Asker: 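So that we are looking at the same thing, I have put the structure below in structure tokens.
Note that the structure is a prediction, hence the values are computed from the model and not measured. Chain letters run A, B, ... following the sequence lines, proteins first and then strands; every chain starts at 1.
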Amino acid sequence: MPKFKVAVLDKISSHKTIAYSIYIGAILFFLVLILIPPIFGIGLKWNLIGEITANPELMSRAVNAIWASFAVAIFVSIIDLVAGIPIAWFITRGKSRWLNVVDTLADIPFVVPTVTLGYSLLLFWSSPQGISSLFGDSLVSPGWLLVILLHFVFSFPVVVRVMVGALLDYQRTFEEAARTLGAPPFTVDRTVTFPILKPSLIGAFVLAFARSISETGATMMVAGIFFENGAIFVKNMKIQGQLGPLVFVSLILILISCAIFGAILFFGSKLNVPIQRVWPSFERKLSSKGVAATRDTLTLLVFSLLVIIPSLFVALPTFNAIMDGTINNAVSGSGIWQEYWSSLGLSYLVGGLATLLSILAGLPMAVLIARKRLGRSVSAVLNILINIPIIVPSTALGVSLSIFWTSSAFVPEIMLLILAHLSITYSYFVRSLVAAIERTDIELENAARIHGAKPFTVFRTIILPLTKYSLLAGAIMVLTRSVSETGATLAVVSQLRTVPVLLVEWLSEYQNNQLTTITPSDIGLGCGILIVLSFIVLLFLKLGAGRKAVY
Amino acid sequence: MPKIQLKGVTKRFGKKILAVDNVSLEVHDKEYFSLIGPSGCGKTTLLRAIAGLIHPTKGKIYIDDALVNNVPPEDRGIGFVFQTYALFPHMNVFDNVTYGPRVKAWEEKKAASLGRETLEMVKLEKRFDAYPHELSGGMMQRVAVARALAAGSKILLLDEPLGALDAKIRNELRYEIRRLVKDLGLTAIHVTHDQAEAMAISDRIAVMKKGRILQVGTPYELYMKPQQIFVANFIGESNFLEGRVTGVKGDVATVRLRGDLKVSAKKNKAAQMDKRVVLAVRPEAFEIAKGRKNLVNGLNGVIEKVRFEGTDIRYEIRLANDDSIIVVRPSLGGEWLKEADEVTVGFSPEKSHMFLYPPKGLMAELEVE
């Protein structure tokens with residue numbers, strides 16, 4: 001950066017008024033553009049709630065849907081932890097040079113558009129083209145089980161990310177100390193490592209839970225006709241134009257989720273893992289190399305069979321596309337592919353802008369929360385509020401944004417789209433950066449200040465270099481999340497087509513219109529291009545950032 | 001009984017870093033043994049290999065005559081005190097201390113009474129319910145020692161256990177640890193880069209440099225009979241006078257220093273006619289007198305700097321041949337000299353150590369990195 005610019009920014013940052021203005025600006029940005037619209041839009045229609053309270057049948061359906069949402073979210077978050085921790089362990093404790101690839105593969109469900117992910121799992125588990133072909137019948141029919149499998153898959157990367165970061169930061173000396181005191185590895189993990197990593201375990205659970213509660217598009221693909229959770233109920237009500245039940249269920253989901261988060265955050269710190277009792281011979285057996293090898297094999301099997309293959313299954317026709325000439329149409333941009341490329345461009349444009357805005361507005365917010373610039377209480381409150389946008393069902397979020405913005409001012413569709421994506425992604429970015437800044441010793445900043453650095457220079461030369469891997473990784477997570485987002489996008493757009501929206505349309509046409517010219521090769525190739533593009537971006541980031549990239 | 005033997009132990013990290021280079025060593029039963037050397041010399045790596053926290057690339061490690069290369073740390077019967085203490089932050093002092101007995105599923109009463117006893121030993125019985133973040137550095141260090149002792153091991157490995165403490169507490173605790181080790185009849189290996197600490201508490205010391213052991217001996221032997229120039233400099237402090245042997249007679253060799261100054265030194269195998277040698281003389285081995293005096297091996301010089309160090313006074317003296325030496329005298333005995341005073345310094349031949357001039361030069365030999 002040119003010296004004169006640094007000097008100017010240093011001078012500006014030295015003024016307390018300006019520094020506080022930036023923090024206040026960041027809070028206002030969060031409140032006005034991120035937090036309030038997804039909730040207040042629904043709140044504006046609170047008066048319509050009579051539509052459901054006066055209809056016991058609809059009310060009973062809503063209650064069942066809410067119960068289904070929480071049952072699935074809690075169950076899935078637990079099994080995500082059970083399956084995600086071993087893979088995070090494998091990634092961080094292994095010695096293979098291929099671990100970066102495994103690490104990136106774990107993000108695949110994050111980069112596949114959510115509706116496409118649902119379709120991919122439906123194809124893999126239920127259709128004759130998938131694994132069911134081996135059994136002669138649909139192995140897993142749409143409904144509860146397939147929803148659980150789907151939610152397990154798309155929440156999985158969140159748990160892996162959080163736990164990989166936690167394990168990389170964890171001081172192995174504690175484990176070594178326990179080993180020298182006579183504890184075999186299993187006992188060490190149970191009595192020392194996991195209790196110390198408890199905050200990260202809780203964090204991973206909360207994020208997986210939030211992701212499950214809010215997801216709509218993919219769930220619709222696999223729900224079948226009998227399963228309905230809160231998000232699908234909201235979507236169905238939107239289709240039927242019944243805003244009252246939509247508002248009611250959305251608010252109940254938000255309120256109960258907040259209560260659960262509050263309870264987890266409050267009781268989580270008091271919850272003690274039972275570590276007093278030890279069963280030496282049994283735990284010694286569980287610590288053997290054979291058991292560890294079996295665990296790793298099972299982990300990779302679950303990872304491959306339940307997560308990776310089902311997620312990528314939709315892109316399998318890409319190979320057909322290469323053989324049957326579809327790829328030539330795609331490359332030349334003829335027919336439906338012209339719109340595909342413009343949609344891809346729009347997706348990355350919206351993703352890029354959402355990422356840029358998340359960085360610009362998220363950086364001061366993350367510093368403010370992590371360094372408690374406006375006091376402990378403000379930081380604590382913001383730390384909880386940051387979670388809210390990611391627990392609003394994506395369809396409800398889209399509807400709410402439409403209501404809020406169209407009722408207050410004319411907002412162009414592209415702006416609405418960016419705001420919707422910003423609401424969904426901003427929290428992920430801030431969360432990752434807050435964790436990274438909190439891990440950075442504040443004494444380093446104090447040392448820089450004592451040696452004469454102004455606040456901007458401290459930020460530029462200390463905070464930024466020490467958190468750049470997490471910042472980059474967080475930015476990529478925002479970008480991929482935005483590019484793959486479907487539910488909220490469908491709810492806010494009428495003219496514009498992002499790639500996930502276009503793929504949903506292709507899919508819908510292929511399923512419902514027998515005269516369509518869209519083929520499985522088109523859908524497969526469309527998904528394949530998006531996945532490969534995102535995978536390359538992620539892999540480059542991880543190779544560039546080394547093993548330090550954590551969210 | 002717990003005897004530790006290392007045979008040809010080598011540890012490489014990747015292809016470039018040779019942390020421990022073919023080390024063979026024997027630590028006797030109930031011995032307080034120290035590994036000492038500059039930072040990065042491989043002493044912690046060696047200690048971690050003994051504990052089983054890393055695997056040697058080559059060589060064998062025996063505990064009680066049993067080969068333990070493939071024995072995991074939890075089965076080696078050792079206690080380990082880490083430089084950072086590694087106290088479990090989610091457990092209080094008592095739970096930390098009784099962790100070893102509990103994971104070995106000892107009888108609950110026995111574990112509890114052992115916990116209380118070890119806490120009494122380190123004088124922390126009243127802080128049993130405190131968490132690590134509520135303790136001072138010295139207290140955390142005591143808990144770390146108590147935890148290692150309560151595990152019932154007969155071998156205690158200590159990795160720079162006093163490194164993070166201030167000088168006064170460090171001095172107190174080093175004697176306390178030795179007392180505990182001796183009272184309990186343990187075998188201890190203590191890693192430190194502080195030679196004063198090692199000298200004060202060890203039965204024997206191994207001096208390491210660049211992954212190799214240069215000399216093993218009692219503190220007295222290392223101080224009085226260093227076998228290498230590096231040891232003479234690292235254990236205590238030495239002045240090095242370069243010269244050439246011009247005569248050997250009986251137990252004494254004559255060495256001509258720069259500027260045609262001649263001194264006598266105790267003869268050893270380095271005392272070969274016409275060979276280039278280095279004489280090591282401790283600063284406290286010099287006598288010093290104001291003016292021109294007739295001293296044994298008397299050399300004239302001028303005091304350039306005087307430093308008062310409490311118990312000692314430290315003189316930096318420029319000799320007539322332009323060599324610079326340090327002389328240390330007790331502050332409470334004799335006359336205090338001042339800067340620019342002309343002086344004569346001398347030393348007894350028995351108090352000098354003669355070494356062949358190192359092939360790579362004196363400075364390279366004294367390098368610590």
Asker: Taking it one step at a time, do B:Asp75 and A:Arg284 satisfy salt bridge (Lys or Arg N to Asp or Glu O under 4.0 Å)?
Answerer: CA-CA 11 Å; B:Asp75 295 334; A:Arg284 197 168 277 272; 2.7 Å; yes
Asker: For B:Leu157, is it the side chain, the backbone, both, or neither that has a heavy atom closer than 4.5 Å to a heavy atom of chain A?
Answerer: neither
Asker: Regarding A:Thr191 and B:Tyr99, is there a side-chain donor-to-acceptor distance under 3.5 Å anywhere?
Answerer: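 Per modelled atom types, A:Thr191 and B:Tyr99 side chains form a pair under 3.5 Å.
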Asker: Within a 6.0 Å radius of atom OH on B:Tyr62, are there more than 12 heavy atoms belonging to other residues, nucleotides or ligands?
Answerer: yes
Asker: What are the two closest heavy atoms between A:Ile196 and B:Pro89, and how far apart are they?
Answerer: CD1-CD, 3.6 Å
Asker: Are there more than 12 heavy atoms of other residues, nucleotides or ligands under 6.0 Å from atom CG of B:Asp129?
Answerer: yes
Asker: Using a cut-off of under 4.5 Å on heavy-atom pairs, state which of A:Thr173, A:Thr187, A:Val188, A:Leu181 scores highest against chain B.
Answerer: A:Leu181
Asker: Heavy-atom distance under 4.5 Å to chain A: side chain of B:Arg147, backbone, both or neither?
Answerer: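 Backbone plus side chain of B:Arg147, per the 4.5 Å heavy-atom cut-off to chain A.
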Asker: Would one find more than 12 heavy atoms of other residues, nucleotides or ligands at under 6.0 Å from atom CZ of B:Phe13?
Answerer: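 Counting other residues, nucleotides and ligands, CZ of B:Phe13 exceeds 12 neighbours.
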Asker: Quick check on the interface: out of B:Pro73, B:Ala151, B:Gly100, who has the most heavy-atom pairs with chain A under 4.5 Å?
Answerer: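 Looking at each option in turn, the highest pair count goes to B:Pro73.
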Asker: Heavy atoms, side chains only, cut-off 4.5 Å: are A:Pro195 and B:Phe88 in contact?
Answerer: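 Answer no - side chains too far apart.
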Asker: Does CD in B:Glu26 sit with more than 12 non-hydrogen atoms of other residues, nucleotides or ligands closer than 6.0 Å?
Answerer: yes
Asker: Side chains of A:Glu176 and B:Phe80: closer than 4.5 Å at any heavy-atom pair?
Answerer: no
Asker: In this structure, are over 12 heavy atoms from other groups packed under 6.0 Å from A:Lys285 atom NZ?
Answerer: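 No, the 6.0 Å shell around NZ holds no more than 12 heavy atoms from other groups.
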Asker: For the CZ atom of A:Phe174 and the NE2 atom of B:His90, what is their distance to the nearest 0.5 Å?
Answerer: 9.0 Å
Asker: Ignoring hydrogens, what is the shortest heavy-atom contact between B:Glu74 and A:Pro185? Give both atom names and the distance.
Answerer: OE2-CD, 3.4 Å
